[in-house]
2 protein chains.
Amino acid sequence: MSKKIQKRDAEASKALIISNAIQLFSKKGYASSSMDELAKLCGLNKAMVFYYFKNKKGLYEAVMTQVLEEIQQVVLEENVKYTKPIEELESFIRTYAKYACTHPYLPSLLLKELSDSGAVVPEMLFGAMRQLFALFSDILNRGEEKGCFHDTNPMVLYFMVLGALNLMVTTKPLRVAASQKEDIVLDTCAACDMTEIADYIVDKMKKMLKEPK
Amino acid sequence: MSKKIQKRDAEASKALIISNAIQLFSKKGYASSSMDELAKLCGLNKAMVFYYFKNKKGLYEAVMTQVLEEIQQVVLEENVKYTKPIEELESFIRTYAKYACTHPYLPSLLLKELSDSGAVVPEMLFGAMRQLFALFSDILNRGEEKGCFHDTNPMVLYFMVLGALNLMVTTKPLRVAASQKEDIVLDTCAACDMTEIADYIVDKMKKMLKEPK
DNA sequence: CCTAACTAATCAACTGGTTAGTTAATTATA
DNA sequence: TATAATTAACTAACCAGTTGATTAGTTAGG
């Protein structure tokens with residue numbers, strides 16, 4: 001039996017709050033996001049936010065958990081299609097890039113949190129991010145064992161890839177604005193789309209890992 | 001004539017406010033930094049902040065300008081010692097890494113601002129960052145003309161380098177905490193120091209740019 | 001099948017505390 | 001003494017979180 005449309009639906013209200021909170025937190029940051037504004041965006045009473053999520057931090061944790069679990073699931077799901085480390089690495093980068101581009105709140109939330117060592121939710125941040133980095137790390141380690149990768153430092157390489165991809169997404173408006181008034185000499189890659197950028201990074205990663213130290 | 005110690009010294013008060021504001025903004029972010037707390041940190045009356053910087057945003061702009069101009073000056077000063085693009089690139093990375101490590105408020109402030117396309121001060125951000133990126137871009141372009149670099153995309157490479165370096169600084173406490181409870185398999189590079197990391201990135205950059213596409 | 005009792009979801013109005021920013025008076029210095 | 005620097009006290013808006021009442025669905029008993 002399909003769920004009939006109800007005036008009162010706890011799950012729907014909860015999901016509505018989270019989905020608006022994702023937008024608000026990613027746009028304004030944790031401190032500047034007002035629960036009054038959020039309630040107005042949802043068309044619900046502010047007390048509902050506290051009824052379902054206890055407090056602001058609780059809501060934020062729920063938001064971060066959902067967002068991080070989603071990207072992890074997408075990347076992991078794509079990863080199982082490949083067996084060779086090189087292909088897995090390619091898949092990782094391309095899948096993340098595509099998702100980050102179509103869900104720009106992810107780079108925004110992630111960079112905000114990482115720029116402060118998890119100021120709001122330090123205890124759960126690395127836990128929630130562990131899986132994704134663990135996969136990346138594992139791909140590189142297996143590649144090194146098999147002899148197709150050389151001199152890998154997973155943590156640094158992870159931040160090179162994620163740093164570049166995330167920053168290319170979050171700075172897009174800034175780069176477009178700059179390209180319009182800036183001298184033509186300085187190319188801010190304003191016209192590049194994320195697929196090209198992913199291609200470029202994949203190519204450079206291969207070159208980085210090909211030869212031994 | 002040396003400046004004698006005065007009870008009232010506008011320049012000294014201004015500098016005191018900026019220096020405390022750098023710490024506060026980098027630690028708590030723009031929205032969570034209170035001007036009452038700042039005044040207390042400085043041992044000055046809160047009205048002085050508004051007397052010298054008009055409003056909170058004005059102070060923040062002054063902070064960002066000073067911080068960005070300082071790193072630019074340091075990198076540019078070091079750059080003039082070299083002539084070959086490869087050496088210049090090495091110098092850029094090593095100098096930035098060293099400065100970021102000894103002045104960790106820089107990565108924090110920069111990532112916070114870039115994670116939001118300059119939410120607080122968009123109009124001045126790219127202007128203030130232009131010089132640094134212009135130098136990086138110029139090094140790569142000259143290298144390509146001379147034939148020592150190949151297939152360069154300055155914007156993406158810039159974010160790969162700065163993204164990795166800045167994230168390695170800001171996530172340090174998180175990575176150290178993770179290494180203590182995490183399984184041993186997952187290496188978060190908690191013991192690495194920034195000099196090693198800079199060496200690693202320099203080496204990888206050379207490999208990336210060596211061969212043509 | 002109807003209704004009374006119960007539970008879960010929703011709301012308006014409030015509270016105590018904090019915030020950026022102002023003002024008018026006061027002090028030090030050149 | 002004129003002016004620049006400094007202060008205490010204030011305001012108006014905002015914010016996270018609470019409370020007590022109310023409504024909509026659900027269930028059980030007659």
Side-chain angles (χ1 to χ4, degrees), chain A residues 1-64 112-113 116 119-121, chain B residues 1-64 112-113 116 119-121:
Chain A
M1 190 96 130
S2 67
K3 231 182 213 172
K4 53 189 165 184
I5 298 141
Q6 292 174 140
K7 268 192 177 176
R8 299 189 163 195
D9 183 339
E11 287 312 306
S13 295
K14 236 169 144 172
L16 184 69
I17 292 171
I18 289 221
S19 116
N20 281 99
I22 288 175
Q23 300 302 322
L24 194 61
F25 281 137
S26 72
K27 196 173 131 202
K28 300 204 168 182
Y30 179 77
S32 294
S33 295
S34 143
M35 304 317 258
D36 284 271
E37 190 186 350
L38 175 62
K40 215 164 281 173
L41 282 172
C42 297
L44 291 173
N45 190 280
K46 183 170 61 140
M48 297 310 292
V49 176
F50 297 92
Y51 179 67
Y52 286 121
F53 299 97
K54 194 184 169 191
N55 53 27
K56 191 180 182 180
K57 196 182 151 196
L59 171 63
Y60 186 75
E61 279 185 27
V63 161
M64 289 303 284
K112 275 192 219 321
E113 201 58 24
D116 221 354
V120 188
V121 281
Chain B
M1 203 115 105
S2 69
K3 231 181 214 172
K4 55 190 163 184
I5 298 140
Q6 292 173 141
K7 267 192 178 176
R8 296 190 165 195
D9 183 339
E11 287 313 305
S13 295
K14 234 169 144 171
L16 184 69
I17 291 171
I18 289 221
S19 118
N20 280 99
I22 288 175
Q23 299 303 321
L24 194 61
F25 281 137
S26 71
K27 197 174 129 201
K28 301 204 169 182
Y30 179 76
S32 293
S33 293
S34 141
M35 304 317 257
D36 283 271
E37 190 185 348
L38 175 62
K40 216 165 280 173
L41 283 171
C42 298
L44 291 173
N45 191 281
K46 182 171 63 144
M48 297 309 292
V49 175
F50 296 92
Y51 179 67
Y52 286 120
F53 299 97
K54 193 183 170 190
N55 53 28
K56 190 180 182 179
K57 197 183 150 195
L59 171 63
Y60 186 75
E61 278 185 28
V63 161
M64 290 303 284
K112 277 190 215 328
E113 201 57 23
D116 220 354
V120 189
V121 283

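Letters A, B, ... mirror the listed sequences (proteins, then strands); counts begin at 1.
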Next item on the list: Using the test salt bridge (charged side-chain N to carboxylate O under 4.0 Å, His left out), find all partners of K56(B) that sit at least two apart in sequence or belong to another chain.
Entry: none
Checklist line | Interatomic distance, F50(B) CZ vs dA8(D) P [rounded to whole Å] | finding: 16 Å
Notebook entry, point to check: Between K54(B) (NZ) and dG21(C) (C1'), how many Å, whole number?
Noted result: 12 Å
Notebook entry, point to check: Can you list the residues that meet the side chain to side chain donor-acceptor pair (under 3.5 Å) rule with E37(B), with sequence neighbours excluded?
Noted result: K28(B)
N/O-N/O pairs, protein side and nucleotides 10-17 of chain C side, under 3.5 Å:
from    : atom 1 : to     : atom 2 : distance (Å)
dT10(C) : OP1    : S13(A) : OG     : 3.1
dT10(C) : OP2    : S13(A) : OG     : 3.2
dT10(C) : OP2    : Y52(A) : OH     : 2.9
dC11(C) : OP2    : N45(A) : N      : 2.8
dA12(C) : OP2    : N45(A) : ND2    : 3.4
dA12(C) : N7     : N45(A) : ND2    : 2.9

Next item on the list: Take the protein atom NZ of K56(B) and the nucleotide atom P of dT18(C), then report the distance between them rounded to whole Å.
Entry: 15 Å
Notebook entry, point to check: Nearest 0.5 Å, what's the OH-CG distance between Y51(A) and N45(A)?
Noted result: 13.0 Å
Next item on the list: Round to a whole Å and report the spacing from CG of L38(B) to P of dA20(C).
Entry: 10 Å
Notebook entry, point to check: Taking side chain as C-beta onward, heavy atoms only, is L59(B) less than 4.5 Å from M35(B)?
Noted result: yes
Notebook entry, point to check: Using 30° and 60° as the class limits, which term best fits the ring planes of Y30(A) and F25(A): parallel, tilted or perpendicular?
Noted result: parallel
Checklist line | Non-neighbouring partners of K112(B) that pass salt bridge (charged side-chain N to carboxylate O under 4.0 Å, His left out), sequence neighbours left out | finding: D116(A)
Item checked: Spacing between Y30(A) atom OH and dC15(D) atom C1', to the nearest angstrom -> 12 Å
Checklist line | Spatial distance of atom CD1 (I22(A)) from atom CE (M64(A)) [nearest 0.5 Å] | finding: 10.0 Å
Note to self: Could you work out how much the helix from dT7(C)-dA24(D) to dA30(C)-dT1(D) bends, comparing the axis of its first five pairs with that of its last five, to 10°?
What the structure shows: 10°
Next item on the list: Measure the distance from CZ on F25(A) to C1' on dA16(D) and round it to the nearest whole Å.
Entry: 12 Å
Notebook entry, point to check: Distance from L24(B) atom CG to S19(B) atom OG, nearest 0.5 Å?
Noted result: 11.0 Å
Note to self: I'd like to check the side chain to side chain contact (heavy atoms under 4.5 Å, CB included) partners of Y52(B); sequence neighbours left out, ordered by chain and number.
What the structure shows: A10(B), S13(B), K14(B), I17(B), M48(B)
Notebook entry, point to check: Within the structure shown, what part of the strands sits under 4.0 Å from S32(B) by heavy-atom distance: base, sugar-phosphate, or nothing?
Noted result: nothing
Next item on the list: Measure the distance from CZ on F53(B) to C1' on dA20(C) and round it to the nearest whole Å.
Entry: 16 Å
